[in-house]
Structures are given as C-alpha cells and as structure tokens.
Amino acid sequence: MLTQAPKGTNDILPDEIHRWHRVEREFAALCAQFGYREIRIPVFEHTELFHRGVGETTDIVQKEMYTFDDKGGRSLTLRPEGTAGVVRSYIEHGMASLVQPVKLYYNISAYRYEKMQKGRYREFHQFGMEMFGAADPAADAEIISLLSLFFERLGIGNLSLNLNSIGCPTCRSAYNLLLREHLSDRIGSMCETCQGRYERNPMRILDCKEDGCRAKTKDAPALLDHICEDCRSHFDALCAKLETMGIRYAIDKGIVRGLDYYTRTVFEFVSRNIGTQGTVCGGGRYDGLMEACGGPKTPGIGFGLGVERLLMEMESQGLETPAPEAPLIYIGAIGTAAGDTVEALCWDLRRKGISCIKDVMGRSVKSQMKYADKLGTRYTMILGDNEIESGRVALRDMKNGESKDISLESLADRLQKCCRD
RNA sequence: GUGGGUGUAGCUCAAUCGGCUAGAGUGCCAGGUUGUGGUCCUGGAGGUCAUGGGUUCGAUCCCCAUCACUCACCCCA
C-alpha cells in the first residue's frame, strides 16, 4: 500500500512525459490560433455544483464522485469533468459582460470512482473547451473543426466523427411521449434497467446493450427524425458547414450523451483500436446549463477530450514523439582540484544558457565517460591538471569519437554556436 | 456493482511432478594497471517467490481467503 499508487491512478514518468508535453503544446497553440484563452479551475468544487451541472440522474453523480466533507463541514467533490467548474467561474466572474462569445479552453485532471480497465482510470486528464454566448451552428462547426485540425496536426488518421442532435427540451418531451407509446406494449418484457428508464429517461432505452432490448427497439422512432424545425435547421446547417470544410462525419442516431444538460448537437470522436473505451473525445451543445447553474440564460458548446486515450491512439498508430534533446556536453574531472575548476566552468556555461552536466559522485574517469555516454550528450571533455595548466582541452564529439584540441577560453563560444545549428 | 485472467529481481521471463543457499537475460554499480564512452570479459548489489491462513515431515509450487494488477459488462474521457 505504502509503495503503491492508489487504484486507477498513474505516474507519468520522465521517459514518457515528452509525449504529454507534445500534445499539450499542440493543443494550446491551436486554441490560441482559434482565439480561445486558457482557464484554470479548482480541482474540487462544492458538491452541489456537480449535482446541478452534471445532472442528478447521471451515473457520474449517482455513483462515481469523490465526495468528502472538509473540516468546516462543507461537502466538496473532486471534479468529475470540467464544464461545471468553468460555468461556475463564468457566472462568478461576470463573464457575461465580456466580449461575446467567451471562448475558453483548459487542461485538467478529473476524478471518477469507477472500476478501471483499459482507457479508463480514476484520475484521468482532459483537454476541454467551452464557447459561451453563441447559439449559431457556426459555433458548433468551429469547435468540431478545431478538433479535426488537432488530430490532423498530431498525425492521427481514421478517428471517426459521429454526430447527432438530441433536440431541445420541447422536441425532446414530445419525442419521449412518442417513444413511450411505441414501447408501451413491450416494455414489460424488457430488462430491469430499461423498465426504470421508461419513466425517467426513455431515450436511454435505445442505448441498451442487452440483445433482447435491442431487438425490441430496432424499429423505434429515432429522436433525430422527430426534432423540431429549429433544431432540424440547426443540425442541417452544421452538417453543411462540415461538408464545406471537408470534414467527414457519420450521423449516429444512437448517441445520447449521458450528461443531462446537452441540447441539440452531440458528437464524439471514436477510435476502433484502443479497446472498448474508444471514445477519445465527446462533446456537444448545452444551451440550458448556464441557467440551470444560476447564471444568465446563455448558450454554450464544448467538449472533453481524454488525454490518456489520445496518447493510446497515437501509440496504436505508431506515431512517435521525438524525445527531448540530451544536454550538450559532459565535463568530467580528474581529482578534487580539477573538480573545483569544472564546477566553476559549468556554472559559467549554465549561466550562459548552455546545458552541461558534471560529476557529482566523485567517480573515476571511465565511469564518468560511461555516464556521459548514457546521457547521450553530444560532447564530452575531461579536465585534469594538464588542461588547467595549458588552458587547452580535448573536446570530444561522441558521435564519431573524434577529439579536437581547443582552448578553454573558446569553449563557451563554440558550444553556443552548436546550440544554434 | 457483476464476471474472467494474472501475481517469482527495477524490467522481460525461467525453475522446482512439493525437497538443500530460487535462476537467466536486460538494467544498475564497480573493475579489466596508473587520465577517456559504445563492443567484449569479470565481479557486485538487488527477491518477505503479492499478503494471510490451511494441508504436509517439508509449500514459491496444492487448497482457501484477502489484496493488487488486467480485460470485459455497465457507463464514459
């Protein structure tokens, strides 16, 4: 226990951190390019916020939250996703009075108490983005196009983009009536969960994986075919825009999205090669959320993108991220007197911005060379009494093993030139 | 929450049909004459054989439980 990370958590080790940096950099750059600004929100919030912002009926709220009381008796919860916190921040800081739309992005960890498996962890990481104030399908198109470009920049191919509209509260309640009617004569023979869904949220029945239930819902009406005129034209406009940009998508009438606050557009980017948890990114429009959280009526759209899954997908596609460069030079020392000189020399180089490594273990010359080799430094040099006296050293290029006799004084200049190449 | 698989060195894995100090490769550390890496050679450190019970003269091996890891269901990033 003492020496084991909690279930569902992972260390991100030095050997792999460059992959994270790469996608983080790429995402931040792209967001900036599209005019989104970064926001950082707390890891925990008042529990109430998630009840409201994620939805009482969701699995997340019902059984997956890390909730605890602090010493002041407040109920707090580790964020299970990012949107609710961002919405809270929007309201708290009066962002309604900022230039509209308000375009935000974030890079967060999130926490859900779940049984873990491939691609699903208790602590995981998300890139996310929210745009507030724009109800137009152009906003939906912008968000989706940004994602599409993100994957393109990373070299990720064949993620499929699935698209659906789940309408607005008005057309959804009309549809729910229709669906109940359609199922009324057979609901008795369906699974227990579905019977529960029948009253609460009949749409979810269509999402049931039980074979028996599936067969019985095969010919059920699809919500997409029964949305109102406004929702329909919103959806059609979005599709048209995607086509204009050459972004390929598939309409999937089955996407429901677990979170209660979604309206109209829902979408996901799905991978087929990283296991059952193939949803790399899921998002959609949530025009009712801001109001539900006590803010001004404000349309919104956003997504969450699973970073672990993104990295898994990249790995499965054989996309390598080059490891960062090794330090430029290793400077070895023979004897304690030389050690002091090397110390001073390194300090000088480091202040000049040159990356150099020296011995801190009092090792033999041979060991120091082996060490330099393992570090992969481009150059090495060894300083002893002779060098200090003559002011000249052998600068060794580790790639070809050749040494050049140079003056100690010229070292910094030479190395700085190397850095520029 | 339900079900399956797996737990031996930092890593990848052996072995003992139940029997002496549990092995290899790799990695790590150090040496291979006095001041120079990669290959090679030698040596060293490193294991409560996941944990706790049980069966047995004797368990790393058999049985049970627990825990962890892992995959799938549910659901989602």
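Being a predicted model, the structure only gives us computed values, none of them experimental.
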Check: Ion pair present between Arg22(A) and Glu26(A), side-chain N to carboxylate O less than 4.0 angstrom?
Finding: yes
Next item on the list: Mark this stacking check for Tyr371(A) against rG37(B) as yes or no, applying ring centres under 5.5 Å and ring planes under 30°.
Entry: no
Item checked: Pairing nucleotide - rA68(B), Watson-Crick or G-U, each distance under 3.5 Å -> rU6(B)
Checklist line | Phosphate-side-chain proximity, Gln126(A) and rA77(B), N/O vs OP1/OP2 below 4.0 Å | finding: no
Margin query: Heavy atoms only, 4.0 Å cut-off, all strands: where does Ser367(A) land among base, sugar-phosphate and nothing?
Written below: sugar-phosphate
Item checked: Residue matched to rG44(B) through Watson-Crick or wobble contacts both under 3.5 angstrom -> rC28(B)
Check: Which value, in whole Å, describes the distance between the P atoms of nucleotides rA50(B) and rC41(B)?
Finding: 33 Å
Notebook entry, point to check: Would you say a side-chain N or O of Thr276(A) is under 4.0 Å from OP1 or OP2 of rC71(B)?
Noted result: no
Notebook entry, point to check: Does the Arg79(A) side chain pair with the main chain of Glu45(A), one donor and one acceptor, at a distance under 3.5 Å?
Noted result: no
Check: Is there a side-chain polar atom (N or O) of Arg120(A) under 4.0 Å from OP1 or OP2 of rA72(B)?
Finding: no
Note to self: Any carboxylate oxygen within less than 4.0 angstrom of a Lys/Arg side-chain nitrogen, looking at Arg40(A) and Glu38(A)?
What the structure shows: yes
Margin query: For rC73(B), give the paired nucleotide (Watson-Crick: N1-N3 plus N6-O4 or O6-N4; G-U: N1-O2 and O6-N3; both under 3.5 Å), or none.
Written below: rG1(B)
Next item on the list: Determine which nucleotide pairs with rC17(B), using a 3.5 Å limit on both distances of a Watson-Crick or G-U wobble pair.
Entry: none
Checklist line | For atom CD of Gln4(A) and atom P of rC69(B), their distance in whole Å | finding: 6 Å
Notebook entry, point to check: Phosphate oxygens OP1/OP2 of rU70(B): is one of them under 4.0 Å from a side-chain N or O of Lys118(A)?
Noted result: no
Check: Looking at Arg112(A), does any N or O in its side chain come under 4.0 Å of the phosphate oxygens OP1/OP2 on rC75(B)?
Finding: no
Next item on the list: Mind checking Gly128(A) for me? I need base, sugar-phosphate or nothing, with any heavy atom below 4.0 Å counting as a touch.
Entry: nothing
Check: Base, sugar-phosphate, or nothing for Glu387(A), non-hydrogen atoms under 4.0 angstrom?
Finding: base
Notebook entry, point to check: rG23(B) and rG44(B): how far apart are their P atoms, nearest whole angstrom?
Noted result: 13 Å
